Amino acid sequence: MSVGTPAAAPPAEPAAPPGRFTEPVRALGATLLSGVSEVGDLTLFALAALRSVLRARPSRRVLLPCLYEIGVRSIPVVLITGGFIGMVLAVQSYDQLHMMHLENRLGAVVNVSLVKELGPVLAAVMLAGRVGSRTAAELGTMRVTEQIDAVKALGADPIGHLVVPRVAACVLLIPLLTVLADACGMFGGWLFSVKLLGISDFHYWHHTLNFITAYDFASGLLKSLAFGASIGVIACHRGFHCGAGAEGVGTAATESFVLSFMAILCLDFLLGVVLGRLYWILWPAPMTLM
């Protein structure tokens, strides 16, 4: 080595591989970052749909088929679901009330459960499976076959043309379908309670009318509006971000139902807490079955 020439630096040691205890932390961090990114992307997608609604209303030619598909063709499923839920509630509640000699209050228990909770939730879950999965698969197929890119190339807004009518149909019609589910559930509960369990017809409806308030109906309809918006936005978002091929379309449909179901449960909890606190603020007098 010549004088004045600096000595060569020793080679850097390779980085030690992550230990087995750091791998779960890395996986958890990646999962959290992915979840936050998905929530942010879904929020931006919903805001884009809202901006499109404010700019222009969806055309009747596009909106009417969505209303028919989401509303009219969902009526049989919703009616069957509501009727059996009413009968199931009557079966499960009768024994407990009979032990307390309160079986005449069965109508109040069945119907308030339907109107406030089970009617909106189960109607939304059924529609998430039928409408949400279909919407995600339809838009996913359009993404795979580049039909969405063709709409954009023609100068049209794909959000306003494809997303807004479907979300609007969900928001407008799911509350109406919830009312049908509630009515059919009340009829099913009455039929089983009065005709099979021998509950007095007068007491069944008398305690129902005394216990259920207009606020209960309004709470259920408000929940159904939130459920409809979440189903429509999630289904369209999954369809727009569908992966390649038939596997991507199937994954989009599955994710649409799973995410919609989780959103329904989360919204039901949050709205239940908020609306419950608001009820006690507006009407602080307690209500009782006795």
Side-chain angles (χ1 to χ4, degrees), residues 63-94 106-138 165-197 199 201 204-205 207-209 211-214 216-232 234-235 253 256-257 260-261 263-265 267-268 271-272:
L63 182 60
L64 288 179
C66 296
L67 293 176
Y68 175 78
E69 180 64 33
I70 293 174
V72 177
R73 298 191 63 179
S74 299
I75 289 177
V77 175
V78 170
L79 293 181
I80 293 173
T81 302
F84 276 100
I85 288 301
M87 291 187 285
V88 168
L89 284 174
V91 171
Q92 298 298 327
S93 303
Y94 176 77
L106 183 61
V109 174
V110 170
N111 293 329
V112 77
S113 301
L114 273 171
V115 169
K116 293 181 66 175
E117 290 294 333
L118 293 180
V121 170
L122 291 177
V125 170
M126 294 302 298
L127 292 173
R130 185 192 174 276
V131 175
S133 298
R134 183 185 186 278
T135 300
E138 182 180 8
R166 290 167 171 81
V167 176
C170 289
V171 174
L172 293 175
L173 292 182
I174 287 183
L176 299 179
L177 294 172
T178 299
V179 172
L180 292 178
D182 292 342
C184 198
M186 288 182 177
F187 176 77
W190 167 82
L191 185 66
F192 189 85
S193 301
V194 174
K195 302 302 181 181
L196 296 179
L197 297 178
I199 304 298
D201 194 4
Y204 185 90
W205 292 114
H207 292 294
T208 295
L209 295 176
F211 193 74
I212 296 181
T213 63
D216 297 329
F217 282 100
S219 299
L221 293 179
L222 181 61
K223 288 182 179 180
S224 65
L225 285 172
F227 297 160
S230 65
I231 291 171
I234 290 173
S256 171
F257 175 72
S260 297
F261 182 70
I264 289 169
L265 295 182
L267 288 173
D268 183 49
L271 290 175

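Computed from a predicted model, the values in this text were never measured in an experiment. In this chain, numbering begins with 1 at the start of the sequence shown.
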Considering all heavy atoms of both residues, which atom of [X] and which atom of [Y] are nearest to each other, and what is their separation?
{"X": "Val72", "Y": "Pro76", "answer": "O-CD, 3.9 Å"}
{"X": "Val131", "Y": "Ser74", "answer": "CG2-OG, 3.8 Å"}
{"X": "Ile70", "Y": "Cys170", "answer": "CD1-SG, 3.8 Å"}
{"X": "Gly189", "Y": "Ala90", "answer": "O-CB, 4.3 Å"}
{"X": "Val78", "Y": "Ala181", "answer": "CG1-CB, 3.5 Å"}
{"X": "Leu114", "Y": "Pro120", "answer": "O-CD, 3.5 Å"}

Distance, nearest 0.5 Å, that separates [atom1] of [X] from [atom2] of [Y]:
{"X": "Leu122", "Y": "Thr178", "atom1": "CG", "atom2": "OG1", "value": "10.0 Å"}
{"X": "Leu271", "Y": "Leu225", "atom1": "CG", "atom2": "CG", "value": "10.0 Å"}
{"X": "Phe257", "Y": "Ile234", "atom1": "CZ", "atom2": "CD1", "value": "11.5 Å"}
{"X": "Ile212", "Y": "Asp182", "atom1": "CD1", "atom2": "CG", "value": "9.0 Å"}
{"X": "Phe187", "Y": "Phe192", "atom1": "CZ", "atom2": "CZ", "value": "14.0 Å"}

Just so I know, are the side chains of [X] and [Y] near enough to count as touching, which here means a heavy-atom distance under 4.5 Å?
{"X": "Leu106", "Y": "Leu197", "result": "yes"}
{"X": "Leu267", "Y": "Lys223", "result": "no"}
{"X": "Asn111", "Y": "Phe211", "result": "no"}
{"X": "Val179", "Y": "Leu221", "result": "yes"}
{"X": "Leu177", "Y": "Leu180", "result": "yes"}
{"X": "Leu89", "Y": "Val109", "result": "no"}

Counting only N and O atoms by type, is there a donor-acceptor contact under 3.5 Å from the side chain of [X] to the main-chain atoms of [Y]?
{"X": "Lys116", "Y": "Ser219", "result": "no"}
{"X": "Asp216", "Y": "Thr213", "result": "yes"}
{"X": "Tyr204", "Y": "Trp190", "result": "yes"}
{"X": "Ser133", "Y": "Arg130", "result": "no"}
{"X": "Ser193", "Y": "Ile199", "result": "no"}

Quiz item: So, are Arg166 and Glu138 salt-bridged, with charged N and O less than 4.0 Å apart?
Solution: yes
Quiz item: What's the verdict on side-chain contact (heavy atoms from CB on, under 4.5 Å) for Ile174 and Ile231, showing C-alpha distance, side-chain angles and the deciding distance?
Solution: CA-CA 10 Å; Ile174 287 183; Ile231 291 171; 4.0 Å; yes
Practice problem: Begin from the C-alpha positions of Leu67 and Leu64 and carry the test side-chain contact (heavy atoms from CB on, under 4.5 Å) through to its verdict. | Solution: CA-CA 5 Å; Leu67 293 176; Leu64 288 179; 4.1 Å; yes
